[in-house]
S.K.: 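Please read through the structure below; I'll follow up with questions.
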Number of protein chains: 2
Amino acid sequence: MPSGEENVILTVDVTLFTLQRGALAVALQRRDRAPFSGRPALVGGYVHPEEDRDTMATALRVLREKAGLGKVFLEQLMTFSGLNRDPRGWSASVAYYALVPEQDLAPLAAREILIVPAEEARGLPFDHDAIVAKGVERLRGKGSYSSLPAFLLPETFTLTQLREMYEKVMGVSLNDSAFRRKIEELHFVEPVEGAYSKVTARPARLYRLRRPALTEFDRRL
Amino acid sequence: MPSGEENVILTVDVTLFTLQRGALAVALQRRDRAPFSGRPALVGGYVHPEEDRDTMATALRVLREKAGLGKVFLEQLMTFSGLNRDPRGWSASVAYYALVPEQDLAPLAAREILIVPAEEARGLPFDHDAIVAKGVERLRGKGSYSSLPAFLLPETFTLTQLREMYEKVMGVSLNDSAFRRKIEELHFVEPVEGAYSKVTARPARLYRLRRPALTEFDRRL
DNA sequence: CGAATAGTGTCTGTGAGACAGTATTCT
DNA sequence: AGAATACTGTCTCACAGACACTATTCG
């Protein structure tokens, strides 16, 4: 029998991304217990083996219990581990990232959760700085060849909103007509019959994702 | 104090990729203990917290102890977890994948390790089928926009060898002159001064990676 | 010399950026 | 009408595939 697998702490940490004032932001929750009690950190918690089907279930439960969030886009990022990341001892944290449209953030208000711009999420406890950095990196990378940025938008959106979201996530500016062409060709979104957004001078057609899950493209947007 | 984190099994599993007879293959090791004793499975083992700095160290140790391998390309894939993947109970396995040139496989011979084509690695115990599938997926995906396939080649290689490796990993055929142009532009490899491979009719210039680590490209190869 | 493979030069089609031009709504 | 934003059409340039052509070695 192997000897050394006792006393390993297994947790899940979620980097919850959203948009705030037009910039990519992450949710930080003030910790209510030691270690680092009172300090803002990623939303996370212990894996409960008797309750959680797997770590994805842990992430969903943590989002529900600690942030009041139900359906969100959630994907595993990577696992961070080692002796020094948690003062309680050797630990492994399976990190996830979630994408939540700004409109769906209402449940967070009651829960001591701050939304801070992604670049300002520094000096966090544990190795949460590294987790956030990795999440941003993944978001930028995968954003350019997948429907990922669309999950930061409400269910229906205009092509201008979609382009602007890609621009914010990828940190570049995109040519409008080329963008429309590519969206047309990739057809991972479809127009909602007869639905128009009326917030701008000329009403714009509303689109929605054709599939509820992430779509990856052959080429970059 | 939280209640449910005891008795969680934490392991590491490594999908060791190599090339055999021109096709992508994985290393499987006959298990020497329960569960699934005697069945071929991925190379893996328990995390030893008092010995392993982190799970990457576990992977390196397991490769050293069980496969006799030292320096190999190693990257985290993702973590697989849940109640049903291991008959011993709720477990989490941090999966890694390794790339080893065919020439470096000598140490495996003495160790009950089989090399089987990636598509034939089916019916493995635990959820190792899923881990292999995810590894192949990652390899194919990342191979097209990074120097990843080069890590399956010996230290120096010809451009024809490099192209063929990309073709095998990505499962497509590439235009030779276009490939050479892109390699030139991306310059993640450099010619070795005065070194030529003499295995073909006309000797070919030998190249090596400019950086020992993975390089990601802006565009696809 | 011919076979075989390495490596180069050039043509062409496709697709992306640029940007002008048209459409629709509001004040 | 004019502003503002949505959307479309077209020009051009760059790049990738195709492929012919040259280079070098061996038998």
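In what follows, chains carry the letters A, B, and so on, assigned in the order in which the sequence lines appear, proteins first and then strands, with residues in each chain numbered from 1. All values below come from the heavy atoms of this structure, side chains included, with hydrogens, waters and symmetry mates left out. Predicted model, so just to flag it, every value in this text is computed and none were measured.
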S.K.: Between K198(B) and T158(A), which has a closest nucleotide on DNA chain D that is more 5'?
M.R.: T158(A)
S.K.: Quick one: sort the Y145(B) and Y145(A) rings into parallel, tilted or perpendicular, breaks at 30° and 60°.
M.R.: tilted
S.K.: In whole Å, I'd like the distance from the CZ atom of R163(A) to the P atom of dA16(C).
M.R.: 16 Å
S.K.: What's the closest nucleotide to the A204(A) side chain, out of dG7(C), dA16(C), dA6(D)?
M.R.: dA6(D)
S.K.: Over how many whole Å does the gap from R181(A) atom CZ to dA16(C) atom C1' extend?
M.R.: 6 Å
S.K.: What integer distance in Å separates R219(A):CZ from dA14(D):C1'?
M.R.: 16 Å
S.K.: Given atom CG of D176(B) and atom P of dT5(C), what is their separation to the nearest angstrom?
M.R.: 13 Å
S.K.: Can you tell me if the side-chain N/O atoms of R202(B) get under 4.0 Å from OP1 or OP2 in dA23(D)?
M.R.: no
S.K.: By nearest nucleotide on DNA chain D, pick out whichever of P203(B) and S177(A) is the more 5' one.
M.R.: S177(A)
S.K.: Looking for any heavy atom pair under 4.0 Å, which part of the strands does R205(B) touch: base, sugar-phosphate only, or nothing?
M.R.: sugar-phosphate
S.K.: Can you tell me the distance, in whole Å, between the CG atom of L162(B) and the P atom of dG7(C)?
M.R.: 12 Å
S.K.: Using the six-membered ring wherever Trp is involved, compare the ring planes of F188(B) and F217(B) and label them parallel, tilted or perpendicular (cut-offs 30° and 60°).
M.R.: tilted
S.K.: For T160(B) and A178(B), find the nucleotide of DNA chain C closest to each by heavy atoms; which residue's nucleotide sits nearer the 5' end?
M.R.: T160(B)
S.K.: Using the side chain to side chain donor-acceptor pair (under 3.5 Å) rule, pick out the option among T15(A), T58(A), D13(A), T55(A) that qualifies with Y96(A).
M.R.: T55(A)
S.K.: Tell me: CD of E164(B) to P of dT5(C), nearest whole Å?
M.R.: 10 Å
S.K.: Can any side-chain N or O of R138(A) pair as donor or acceptor with the backbone N or O of L77(A) at less than 3.5 Å?
M.R.: yes
S.K.: Whole Å only: how far is the CG atom of N175(B) from the P atom of dC11(C)?
M.R.: 16 Å
S.K.: Between atom CG in L174(A) and atom P in dA16(C), what is the gap in whole Å?
M.R.: 12 Å
S.K.: Show the nearest heavy-atom pair for residues S91(B) and R85(B), with the distance to one decimal.
M.R.: OG-NH1, 2.8 Å
S.K.: OP1 or OP2 of dA4(C) less than 4.0 angstrom from a side-chain nitrogen or oxygen of T200(B), does that happen here?
M.R.: no
